[in-house]
Amino acid sequence: MMDPNKNFQKKVLANGMTLLFEKRNLPVVSVILAVRAGGINEEISEKGISHFIEHMLYKGTKTRTSKQIAEEIEKNGGELNGFTSEEITAYYCKMPSKHLDIALNVLTDMIKNSLFDEKELEKERKVIFEEIKMYKDNPQMNCLVEIQKLLYTGTLGINLAGTFKSMFGIDRKKITEKFKQIYEPNNFILCVVGDAEFEQIIKFAEKNFGSNKSKIPKPKFELQNKTKIEEREGVDQANLVFAYHVPIASDDRCYVAKVLSSLMAGGLSSRLFQEIREKRNLAYAIHGDSNINRNFAYNLIYVGTMKENVEKVKELILNEFEKVAKDLTEQELKEIKEKLIGNYQISMEDSQTQMMNLLISEIQGDAKDFYEYEKNISKVKLKDVKELASRFKENHSFFALVPKGKK
């Protein structure tokens, strides 16, 4: 098998900026410019400010209007987007490789020269209010927001997009102050995957980014486990989420958590999908996720079912974890490892997905660790998976959004 590591290069510039590059032969490049900060680095009173800044960086610079930002990428065949997570705020595009210079220039202009226009800011505040409502009105999305509140205190216990109260309290002065505090070269990661030359990327970064440095505020939160059931009119289905704390990205045991997550709810062949949907027809949607980060980590399981089946589904999930803790075999573990390694290999096919893979690995510790995934999954031991499963019953959070007034 070809070594995927052979085309990877990394360089940290004198100003602290990190450059990541993986060479590809297809005439496409995926480019992302990210800052090592997100919701976890905010105070409770300013929750949502990182996400607000992300929105504002698309609203115009000293040299481009918001329309021109989008047009310059899209008229050359590209796609432009961005995202905010608890530990990253990022801006990215995918382009024909001959237009790499356009991608780099537009993203850099957004980062360096955004106007934070007062009128645009007030307009975008309304957009974010609608985004908050969207998360609230979508039962499944709402469950994923609420379960994190039951796992953590402090800033992690608040919606990444903020609250109406925190968003009303964020004005242009606060946004520009936070921007200046965070958006300095030593906090930047520039990652390019595609048909390009690393020297070109290095020269661009050295020419266009100065030497200012700043410190990112440290996260403030504590772990907890809580249960909450919310009744709501206008929903017909009960939406359930179980979640449990697992080792963070710097701990090799995080691979144990990834194996357990896939075993329990990772696809149609997973234990819970087979037990709850295929065997008993109690649900349509059953899926899991392993949300592992630099500062916090948890696995979750989501199930949509009828209100009268909530207790039965809870019992089945608890029982299945107990079965794994007692009866998981080496053969089943081997099969799950092969599944995860296969998923890992497939994920590298698309340049944009690979760009995200490398960025997230760098935020978690070191982008080079991504290429060690297969080895680290292979090292997971049966006893460690069983031990993590055995702790689920006494150490989990649970949230349910159920129809009001229905049996």
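Note that these values count all heavy atoms, side chains included, but never hydrogens, waters or copies made by symmetry.
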Enquirer: For Lys379, look at atom NZ and say whether over 12 heavy atoms of other residues, nucleotides or ligands are found less than 6.0 Å away.
Expert: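 Enclosed: over 12 neighbouring heavy atoms sit under 6.0 Å from NZ of Lys379.
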
Enquirer: Taking all atoms of both residues into account, what is the closest heavy-atom pair of Val235 and Pro403, and its distance?
Expert: O-CB, 3.2 Å

Enquirer: Walk me through whether Lys47 and Thr163 qualify under side chain to side chain donor-acceptor pair (under 3.5 Å).
Expert: CA-CA 7 Å; Lys47 188 69 175 191; Thr163 65; over 6 Å; no

Enquirer: Check Glu387 with Arg391, please: is the shortest side-chain N to carboxylate O separation under 4.0 Å?
Expert: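 Yes.
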
Enquirer: Only distances under 3.5 Å count here; give the side-chain donor-acceptor pairs of residues 313-322 to other protein atoms, sequence neighbours excluded, each with its distance to 0.1 Å.
Expert:
| from | atom 1 | to | atom 2 | distance (Å) |
| --- | --- | --- | --- | --- |
| Asn319 | ND2 | Glu315 | O | 3.3 |
| Glu320 | OE2 | Arg271 | NH1 | 3.0 |
| Glu322 | OE2 | Lys393 | NZ | 3.4 |

Enquirer: When the side chains of residues 101-108 are checked against the rest of the protein, which donor-acceptor pairs come out under 3.5 Å, sequence neighbours left out?
Expert:
| from | atom 1 | to | atom 2 | distance (Å) |
| --- | --- | --- | --- | --- |
| Asn105 | ND2 | Asp101 | O | 2.8 |
| Thr108 | OG1 | Leu104 | O | 2.7 |

Enquirer: Evaluate the side-chain proximity of Ile182 to Pro217: yes if any heavy-atom separation is below 4.5 Å, no if none is.
Expert: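 Yes, their side chains come closer than 4.5 Å.
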
Enquirer: State, yes or no, whether a side-chain contact exists between Leu26 and Asp195 at a heavy-atom distance under 4.5 Å.
Expert: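 No, every pair of side-chain atoms sits at 4.5 Å or beyond.
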
Enquirer: Side chains of Asn187 and Ser214: is there a donor and an acceptor less than 3.5 Å apart?
Expert: yes

Enquirer: Atom CD of residue position Glu338 - does it have more than 12 heavy atoms of other residues, nucleotides or ligands inside 6.0 Å?
Expert: no

Enquirer: Please round to the nearest 0.5 Å and tell me the distance separating atom OG of Ser97 and atom CD of Glu197.
Expert: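 If we round to the nearest 0.5 Å, Ser97:OG and Glu197:CD are 10.5 Å apart.
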
Enquirer: Would you say the side-chain atoms of Ser114 and Lys59 include a donor-acceptor pair closer than 3.5 Å?
Expert: no

Enquirer: How far apart are the closest heavy atoms of Ala37 and Thr89, and which atoms are they?
Expert: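 Heavy atoms of Ala37 and Thr89 come nearest at O-OG1, 2.8 Å.
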
Enquirer: At what distance, to the nearest 0.5 angstrom, does CG of Leu20 lie from CD1 of Ile32?
Expert: 10.5 Å

Enquirer: List the atom of Ile73, the atom of Glu79, and the distance in Å for their closest heavy-atom pair.
Expert: CG2-N, 3.7 Å

Enquirer: Under the criterion side chain to side chain donor-acceptor pair (under 3.5 Å), which of Glu54, His51, His55 is the partner of Thr84?
Expert: Glu54

Enquirer: Do the side chains of Glu87 and Phe296 get nearer than 4.5 Å, heavy atoms only?
Expert: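 Yes. Closest side-chain heavy atoms under 4.5 Å.
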
Enquirer: Please check if atom CG in Asn25 has more than 12 non-hydrogen atoms from other residues, nucleotides or ligands closer than 6.0 Å.
Expert: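 No, CG of Asn25 has 12 or fewer neighbouring heavy atoms, counting only those of other groups under 6.0 Å.
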
Enquirer: To the nearest 0.5 Å, how far apart are SG in Cys143 and CG in Leu401?
Expert: 5.0 Å

Enquirer: Any ring-ring contact (aromatic ring centres under 6.0 Å, His included) involving residues 162-196? Give me the pairs, sequence neighbours left out, ordered by first then second residue.
Expert: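 The answer is Phe116-Phe179, Phe129-Phe164, Phe129-Phe168, Phe179-Tyr183, Phe188-Phe209.
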
Enquirer: Within a strict 4.5 Å, meaning less than it, do heavy atoms of the His245 and Asn225 side chains meet?
Expert: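 Touching, per the 4.5 Å side-chain cut-off.
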
Enquirer: So how far is it from Phe52 CZ to Asp171 CG, rounded to the nearest 0.5 Å?
Expert: 9.5 Å

Enquirer: How far apart are the closest heavy atoms of Ile147 and Ala243, and which atoms are they?
Expert: CG1-CB, 3.5 Å

Enquirer: Quick one: do Arg253 and Asp251 make a salt bridge, cutoff under 4.0 Å?
Expert: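 Salt bridge between Arg253 and Asp251, a charged N being under 4.0 Å from a carboxylate O: yes.
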
Enquirer: What's the separation between atom CG in Leu382 and atom CG in Leu333, rounded to the nearest 0.5 Å?
Expert: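 Answer rounded to 0.5 Å: 5.5 Å.
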
Enquirer: Does anything in residues 213-242 pair up under ring-ring contact (aromatic ring centres under 6.0 Å, His included), and if so which pairs, sequence neighbours excluded?
Expert: Tyr152-Phe221, Phe242-Phe392, Phe242-His396, Phe242-Phe398

Enquirer: So which heavy atom on Leu263 is nearest to which on Glu332, and how close?
Expert: CD1-OE2, 3.2 Å

Enquirer: Scan side-chain atoms only and decide if Ser50 and Glu42 contain a donor-acceptor pair under the 3.5 Å cut-off.
Expert: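 Indeed, the side chains of Ser50 and Glu42 share at least one donor-acceptor pair under 3.5 Å.
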
Enquirer: One thing to verify: whether Lys178 and Glu43 come together as a salt bridge, which I'm taking to mean a side-chain N less than 4.0 angstrom from a carboxylate O.
Expert: no

Enquirer: Would you call Glu230 and Lys136 a salt bridge, using N to O less than 4.0 angstrom?
Expert: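 Yes, Glu230 and Lys136 are salt-bridged.
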
Enquirer: Could you walk me through whether Gln364 and Asp369 pass side chain to side chain contact (heavy atoms under 4.5 Å, CB included), step by step?
Expert: CA-CA 9 Å; Gln364 292 176 348; Asp369 293 341; over 6 Å; no

Enquirer: Does Glu118, at its CD atom, have more than 12 non-hydrogen atoms belonging to other residues, nucleotides or ligands within less than 6.0 Å?
Expert: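 Atom CD in Glu118 is packed in, count exceeds 12.
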
Enquirer: Does either side chain, that of Arg280 or that of Asn309, offer a donor lying less than 3.5 Å from an acceptor on the other one?
Expert: no

Enquirer: Val145: what forms a side chain to side chain contact (heavy atoms under 4.5 Å, CB included) with it, not counting sequence neighbours?
Expert: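 Val145 satisfies side chain to side chain contact (heavy atoms under 4.5 Å, CB included) with Tyr135, Lys149, Asn159 only.
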
Enquirer: Testing Glu86, Glu362, Glu184 one by one against Arg36 for a salt bridge (Lys or Arg N to Asp or Glu O under 4.0 Å), which residue passes?
Expert: Glu362

Enquirer: Does a donor on one side chain sit under 3.5 Å from an acceptor on the other, for Glu177 and Gln181?
Expert: no

Enquirer: Taking Lys307 for the side chain and Ala238 for the main chain, is one N or O donor matched with an acceptor at less than 3.5 Å?
Expert: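 Answer holds: no.
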
Enquirer: Any ring-ring contact (aromatic ring centres under 6.0 Å, His included) involving residues 70-105? Give me the pairs, sequence neighbours left out, ordered by first then second residue.
Expert: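 Qualifying pairs, neighbours excluded: Tyr58-Tyr91.
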
Enquirer: Using a strict cut-off of less than 4.0 Å between a Lys/Arg side-chain nitrogen and an Asp/Glu carboxylate oxygen, indicate whether Glu71 and Lys67 qualify as a salt bridge.
Expert: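 The answer is yes: the pair qualifies as a salt bridge.
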
Enquirer: Going through the distances and angles, do Met17 and Leu190 end up as a side chain to side chain contact (heavy atoms under 4.5 Å, CB included)?
Expert: CA-CA 8 Å; Met17 184 175 180; Leu190 174 60; 3.8 Å; yes

Enquirer: Start with the C-alpha gap between Glu46 and Lys174, add the side-chain angles, then the distance that decides, and say whether salt bridge (Lys or Arg N to Asp or Glu O under 4.0 Å) holds.
Expert: CA-CA 9 Å; Glu46 64 179 10; Lys174 287 185 178 180; over 6 Å; no

Enquirer: Within this structure, what is the NZ-CG distance for the pair Lys323 and Asp327, rounded to the nearest 0.5 Å?
Expert: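 Here the rounded value is 8.5 Å.
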
Enquirer: Counting only heavy atoms not in Lys23, do more than 12 sit closer than 6.0 Å to its NZ atom?
Expert: yes

Enquirer: Are Leu19 and Phe198 side-chain neighbours, meaning at least one heavy-atom pair lies under 4.5 Å?
Expert: yes

Enquirer: Return the minimal non-hydrogen interatomic distance between Asn208 and Lys112, and the atom names on each side.
Expert: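 Smallest interatomic distance, heavy atoms only, reads O-NZ, 2.6 Å.
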
Enquirer: Does atom NZ (Lys10) have a neighbourhood of more than 12 heavy atoms from anything else shown, all under 6.0 Å?
Expert: yes

